[in-house]
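Below is one structure, written out as C-alpha cells; comments come after it.
Each chain gets a letter, A, B and so on, in the order its sequence line appears, and its residues count up from 1.
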2 protein chains.
Amino acid sequence: MNLKQLAHMLALSQTTVSRALNGYPEVNEETRRRVMDAAKRHGYRPNPSARRLATGKTGMIGYVLPTGASVDIDPHFVEFLSGLGDYARSHELDLVLSPADADDQETTYRRIVANRQVDAVYISSPTPADRRVALVNTLGIPFIVHGRSEGLDFDYPFTDIDNEGAFHEAARLLIQLGHRRLALINGDDRETFAIHRERGVRRALAASGLELGERHVCSVAMTEENGYRATRRLLEDGDPPTAIACSSLIMALGVVRAVRDLGLSIPGDVSLIAHDDVFPWLRPENFSVPLSTTRSSIRLAGARIAERLAARISGLEEGARGEVWPVDLVVRGSVAGAPA
Amino acid sequence: MNLKQLAHMLALSQTTVSRALNGYPEVNEETRRRVMDAAKRHGYRPNPSARRLATGKTGMIGYVLPTGASVDIDPHFVEFLSGLGDYARSHELDLVLSPADADDQETTYRRIVANRQVDAVYISSPTPADRRVALVNTLGIPFIVHGRSEGLDFDYPFTDIDNEGAFHEAARLLIQLGHRRLALINGDDRETFAIHRERGVRRALAASGLELGERHVCSVAMTEENGYRATRRLLEDGDPPTAIACSSLIMALGVVRAVRDLGLSIPGDVSLIAHDDVFPWLRPENFSVPLSTTRSSIRLAGARIAERLAARISGLEEGARGEVWPVDLVVRGSVAGAPA
DNA sequence: CAAAAAAGCCAAAGCGCTTTGGAAGACTCT
DNA sequence: AGAGTCTTCCAAAGCGCTTTGGCTTTTTTG
C-alpha cells in the first residue's frame, strides 16, 4: 500500500494525502480525519527510502564505532545504549552503528554525512581538542558530545558529568579522614574524563598542601587486570598510599584482589573509592567490603543524549549549550580513617 | 556530484555510467575504465537513499534491541558487537539497532521488514520455539540466529556453540575428580543456551548414575549479585555441593565472594568451573584462584555472523545450515579432587 | 558477402515520497 | 456586484539512482 494507492482510494491527490498525514495546515480538518482514518485502517506506512530521498531525513541517529582487532569496545557502551534505546524507541528513532577503523574514523564521518545516512550523530569518549568534534562541527550535522573536549576554538553542545567535582569530593573526604598519601588509578589519560578526574584529586590535595605523587597516579585501560597490577605496584612500592581513588568498578575488582593478595585489608590498610557508572550486573554495595563510589548513571546519560539529539533534529534545540551533571558521592564501608 | 553530472561530464548516458560502476557486462572495458577513473577522481559516491529506493538494498544489517526500564542489555552484547563491527567495517556494512519494547518486538520486526530498512537481521539469545525466528522466517528476510531455538517446525540458519558439550565435559571432569554433588548456577532457563548447559551437566551425571539435585540448580539473570546469592543458598543448605558449574564469569565473581564470606576455599572446599565468553576486561586466569573455564569467544561469533549475513545478502549462502562450534575446556586452579 | 548475432550505448520509465506553483471555490469587504 | 482574500485541493516536478526495451554499430558466420 503506497501513497498513490491510498490517494486513489480516497479520491484525493497524493499531495493532499501527504499533507494531511504530515500535519500541514492547508488541509480541511475533516479531510484530514478521513485520510488519517483510512491510513490507519489500511496500515499505510510511508516508505522511508522514498521519504529519505525526498526530504533527506532518515529518522536515524549515527554513531561511528571504532573497531579493529586490538580495539575493545567499552562495556560502558552497552549501558549507554540501553538508555539511548529507551528514549529512541518512544520516538521511532533507530540507531546506526558505522564501524570504522579506529585509526581513521574521519573517512567514516565524512561518508555518513555526505551520504546523509543519519540525521544526527553523537560522539563519546572525547579527547582534548578532539578531531572528531571539530570535523563534525564543520560538516554541519547536528551532534551532541557525550563528555567534553577541551581546547577547541568553538563551542559545541555536550552532556557530561562533573568528573572533576566528583573526584575532588572523593579526595577531600579521604583527606578529611586523615589520609595524606592518595593514589589515583585512572582510565586512559588521553581522554578528557580521566584528565578531569586527576585534576579533581590534585585540587583537593593542593587545598591541604598535599600533592599527588608521580608514582601515585597511573592511567590504564579499565580492566580488572590493570586494576590489580596498578595496585600491586602502588602498595609494594616504598611509599605506599593509604587511600586509592579508582576510575571504574571493573578496575576496583582488581584493586580488591591485589589488596587481599598482599595480606592487607580494606579499609584497615587502604581506603578505596571508585567511580560507579551503575551497571546492573556489578554493584558496589556487593563488594566483599561495600565500596564507596562516585555514582552517575551512564544509562540516564544515554537517554538524555537521545533526547537532545531528537530535539536538535527537529529544530527544538539550537546553540552550543553544554550541560554538566553533578555526581553523587556514596559512602560505604571501603573508606576509613588513615592507619596510624 | 551525482550520476547525472558525472554522465554529462563523460559525455555518456546515466545508464552506461551506472552499469560501468556496478560491473555489468554490457559495457566496453575501456569505457568502464574511463568511468571508474573519473568517478574516483571526482569522489563520486552514489547516493544511498536513491539507490535504496531503486533497488531495495540498503547495505545495512538490522538488530532489534529489546529495551525498557527493567530490561538490561547484556554486557556480552558489546563483545559480540566488536566482532560484528570488525567484519562489517571491511565490507562497508552498517548495523542498525532498532529499539523495541521488550514485550512487543514483533511490531518492530514487521516494520523493518515492511519498510525494507535492512538487508538482513540477526537474532540473539533465542528461546525454545522462539517467535522471532518464526516471524522472521515467514517474513522472508535473510537472517542468522546467534544460538539456537528448538521445537520449530522448520530449519533455519544459525551459528551456535556447543553449550551442551561444554558443560558435559566440565561436569565429567568434576565427576572424574570424585565429586558427587554438583551444582549448576545457570542463566535464565527460558533461553536455549541455559537449557543446553543444564542438559550437558545432567547427561554427565547420569552416565555415572548421579543426578542434579533439584535444589542444586538455579537459573537467574547473570549478575554478580545473583551468583553470590545462589552460592550462599547452595552452600548453606543441608546438602551442599562440592563443585559448581557456573554460566558466566560475572556470576563467578559472586560465587567466589560467597565462598570466601562463608570461610570456605576454592578449590579446597568447592571446585568451580565457569563459562568464559572472553571479555578483555575480566579474565579467568586473574581470579584470586585462577578459574577453570569453558571458553568460547563471543567476539569471533560476532564476526562469523556478520560474514554469514553478508554472504546471504549477496546470495552466496543459502539454505538453513546450522553450525555448532566446539568449546574449549581450560583447566586452571579452581578445580581439585572432592574433599574427603 | 549478406544475414545473423553480439557488443555497446541510450532514452525514458520507474522507485514512492515531498513540495512548488497554481487554480477553483467560498468568504469578506466596500 | 466586483475586487480581494482565504481555504482547500491538485498536477507535476523533482530527489538520484537502476533497469527495461530498443537502437546502432561492429563482429561473426554459413
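Asp160(B) is linked by a side-chain hydrogen bond (donor to acceptor under 3.5 Å, both in side chains) to Arg148(B), counting only residues two or more places apart in sequence or in another chain.
In this structure, Asn28(A) places its CG atom 13 Å from C1' of dG25(C), rounding to the nearest Å. As rounded to whole Å, 11 Å separates atom P of dT19(C) from atom NZ of Lys57(A).
The closest side-chain donor-acceptor pair between Thr159(B) and Arg304(B), if any, does not fall under 3.5 angstrom.
Around the CZ atom of Arg116(A), the shell of radius 6.0 Å holds no more than 12 heavy atoms that belong to other residues, nucleotides or ligands.
Residues Tyr87(A) and His91(A) bring their aromatic ring centres within 6.0 Å. For Phe77(B) and Tyr63(B), the ring centers are positioned less than 6.0 Å apart.
The overall bend of the helix from dC1(C)-dG30(D) to dT30(C)-dA1(D), read as the angle between its terminal helix axes built from five base pairs each, is 40° when rounded to 10 degrees.
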(message) Using the rule given for ring-ring contact (aromatic ring centres under 6.0 Å, His included), can you reason through Phe80(B) versus Tyr122(B), listing the C-alpha separation, both sets of side-chain angles and the distance that settles it, and then say yes or no?
(response) CA-CA 12 Å; Phe80(B) 183 83; Tyr122(B) 81 89; 5.0 Å; yes
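Glu106(A) and Arg110(A) are joined by a salt bridge, as a carboxylate oxygen and a charged side-chain nitrogen come within less than 4.0 angstrom of each other.
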(message) Each nucleotide in nucleotides 10-18 of chain C should get exactly one letter: B, S or -. Can you fill that in based on protein heavy atoms under 4.0 Å?
(response) BBB-BBBBB
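Between the side chain of Asp277(B) and the main chain of Ser297(B), no donor-acceptor pair closer than 3.5 Å is present.
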